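Working notes, beginning with the structure itself.
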Amino acid sequence: FDIGKPLGRGKFGNVYLAREKNSKYIVALKVLFKSQLQKAGVEHQLRREIEIQSHLRHTNILRLYGYFYDSTRVYLILEFAAKGELYKELQKVQKFNEERASNYIKQITEALRYCHTKHVIHRDIKPENLLVGIKGDVKIADFGWSVHAPTSRRTTLCGTLDYLPPEMVEGRDHDATVDIWSLGVLTYEFLVGSPPFEAKGHSETYRRIAKVDLKFPSYVSAEARDLISKLLVKEPKNRIKLDDVLKHPWIARFSQ
Ligand code: N15
């Protein structure tokens with residue numbers, strides 16, 4: 001590989017723009033230091049993540065093409081997403097219009113539906129974990145074990161509660177429907193610019209999630225409110241199904 005500019009910095013190493021010398025294929029090359037992985041005790045987790053990720057093939061899930069290593073580092077060959085990080089774009093424009101938000105949510109729903117058929121859950125779908133491809137297509141990139149550079153906002157010592165469903169903040173059992181909840185939080189954040197249960201401290205966020213204390217600014221359309229209200233349902237089994245999200249008027253309306 002020829003190595004180019006850094007694309008991101010993280011706890012265990014950095015991500016670089018890179019080009020495979022023979023094919024000239026552009027990728028994102030992630031370099032992890034074995035010493036740091038060992039120190040944090042996450043080698044096993046990395047192996048597991050690589051195993052899961054390498055079996056997933058979907059246009060809206062960032063591809064892991066392969067990996068290699070030397071005595072000190074592990075290299076992950078990842079898909080390059082030409083338009084970069086979605087949270088930065090959201091920060092820049094504050095909130096997305098309903099057509100753009102609907103389009104992104106449709107793509108993420110399709111990616112989650114694919115994951116769920118493979119029994120892969122909890123893709124941690126907050127804006128910080130989404131990248132944008134050349135055609136404006138959204139890609140779920142798994143920053144799950146925080147190898148990603150810390151983002152300016154909402155990165156506290158213990159992370160954010162904002163995307164966790166009631167059953168997880170209350171320490172109960174959870175299943176694939178946690179992703180449905182996160183999809184609701186994401187839809188809200190796309191349209192409003194901040195997550196629905198945001199609060200000053202963890203205990204207040206916790207309280208708002210457990211109560212499903214949901215309020216909409218006046219500019220959010222009736223159809224968007226209807227979908228968000230069907231995603232953000234306290235009882236996991238009563239949340240709308242991913243197939244029905246795709247049939248919902250707020251999704252169907254914008255995809256001509
Ligand atoms: C354990 C492993 C199998 C999981 C694989 N996924 C990750 O490690 C998550 N991850 C993805 N960590 C870093 C990245 C990453 C991939 C970061 C940035 C990019 C990336 N692909 N493309 C980019 C990218 N494109 C950009 C364009 C403009 C500005 C910044 C950009 N970053």
Side-chain angles (χ1 to χ4, degrees), residues 1-20 23-70 72-93 104 107-108 111-112 114-115 118-153 155 159-160 163 179 182 186:
F1 289 93
D2 288 315
I3 308 295
K5 66 163 183 175
L7 295 172
R9 299 181 190 287
K11 192 157 67 170
F12 302 111
N14 300 332
V15 187
Y16 299 92
L17 185 65
R19 190 177 62 180
E20 204 276 320
S23 63
K24 297 193 172 155
Y25 197 81
I26 300 287
V27 298
L29 190 67
K30 184 159 162 173
V31 184
L32 302 163
F33 286 92
K34 285 180 175 175
S35 56
Q36 284 164 296
L37 294 167
Q38 250 152 14
K39 217 156 117 190
V42 295
E43 305 141 286
H44 181 78
Q45 211 177 330
L46 175 63
R47 257 181 241 272
R48 222 182 111 250
E49 289 281 338
I50 289 172
E51 175 62 23
I52 295 169
Q53 196 96 341
S54 59
H55 290 291
L56 299 177
R57 298 280 154 88
H58 192 278
T59 47
N60 301 115
I61 298 168
L62 196 80
R63 268 290 297 277
L64 171 68
Y65 296 117
Y67 68 93
F68 54 96
Y69 52 87
D70 58 28
T72 57
R73 291 161 288 224
V74 178
Y75 303 82
L76 303 179
I77 311 165
L78 295 162
E79 180 179 357
F80 172 66
K83 291 190 176 162
E85 292 155 301
L86 187 69
Y87 85 90
K88 282 196 178 152
E89 179 62 17
L90 183 58
Q91 254 175 357
K92 197 170 85 188
V93 301
Y104 285 154
Q107 294 176 54
I108 295 160
L112 288 175
Y114 171 83
C115 288
K118 304 245 175 216
H119 308 287
V120 175
I121 66 159
H122 204 182
R123 303 305 300 171
D124 212 12
I125 48 161
K126 45 188 181 258
E128 289 85 343
N129 290 350
L130 301 171
L131 292 166
V132 184
I134 189 74
K135 293 178 247 139
D137 42 338
V138 63
K139 313 264 181 194
I140 302 178
D142 200 355
F143 299 106
W145 43 289
S146 78
V147 242
H148 182 47
T151 60
S152 53
R153 62 178 201 141
T155 315
T160 178
Y163 275 73
D179 289 339
S182 313
L186 191 69

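Nothing fancy with the numbering, it's 1 onward along the sequence. What you see is a predicted model, and the numbers here were worked out from it, not measured in a lab. Ligands are counted one by one from 1 in listed order, and the atoms in each one are counted from 1 as well.
Ligand 1 has a nitrogen or oxygen under 3.5 angstrom from a nitrogen or oxygen of A81. On a distance-only criterion, E79 and ligand 1 share at least one N/O pair closer than 3.5 Å.
When all heavy atoms of L130 and K126 are compared, the pair lying nearest together is CG-O, 3.7 Å. The heavy-atom pair separating Y114 from H55 by the smallest distance is OH-O, 3.8 Å. Closest heavy-atom contact between L56 and R63: O-CD, 3.8 Å. The nearest pair of heavy atoms linking L37 to L32 is CD1-CB, 3.9 Å.
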Q) What's the verdict on side-chain contact (heavy atoms from CB on, under 4.5 Å) for D70 and R73, showing C-alpha distance, side-chain angles and the deciding distance? A) CA-CA 5 Å; D70 58 28; R73 291 161 288 224; 3.4 Å; yes
Q. Yes or no on side-chain contact (heavy atoms from CB on, under 4.5 Å) for L46 and F12, after CA distance, side-chain angles and deciding distance?
A. CA-CA 11 Å; L46 175 63; F12 302 111; over 6 Å; no
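Contacts with ligand 1 closer than 4.0 Å are made by no heavy atom of S54, backbone or side chain.
In Y65, the OH atom is crowded: over 12 heavy atoms of neighbouring residues, nucleotides or ligands sit closer than 6.0 Å.
Evaluated by nearest non-hydrogen atom to atom 28 (C) of ligand 1, the leading choice among G13, G84, A28 is G84.
Against a heavy-atom cut-off of under 4.0 Å, L76 is close to the following atoms of ligand 1: 2 (C). Which parts of ligand 1 touch K30 is read off a 4.0 Å heavy-atom cut-off, strictly below it: atoms 7 (C), 8 (O), 9 (C), 10 (N), 12 (N), 13 (C). Near V15, meaning under 4.0 Å from any of its heavy atoms, are these atoms of ligand 1: 13 (C). When each atom of ligand 1 is checked for a heavy atom of E49 under 4.0 Å away, the hits are 1 (C), 3 (C). Near L131, the atoms of ligand 1 lying under 4.0 angstrom from a non-hydrogen atom of the residue are 16 (C), 19 (C), 20 (C), 21 (N). Residue I50 approaches ligand 1 through these ligand atoms, each under 4.0 Å from one of its heavy atoms: 3 (C). Each of the atoms 3 (C) of ligand 1 lies under 4.0 Å from some heavy atom of L64. Atoms of ligand 1 lying under 4.0 Å from at least one heavy atom of L46, given by number and element, are 1 (C).
Using the six-membered ring where Trp is involved, Y75 and F68 have ring planes that are parallel, under 30° apart on the 30 and 60° scheme.
Ion pair R48/E51 not flagged as a salt bridge, since none of the NZ, NE, NH1 or NH2 atoms sits closer than 4.0 Å to an Asp/Glu carboxylate oxygen.
Remark: distances from the non-hydrogen atoms of A82 to ligand 1 include one below 4.0 Å. Between L17 and ligand 1 there is no heavy-atom distance shorter than 4.0 Å.
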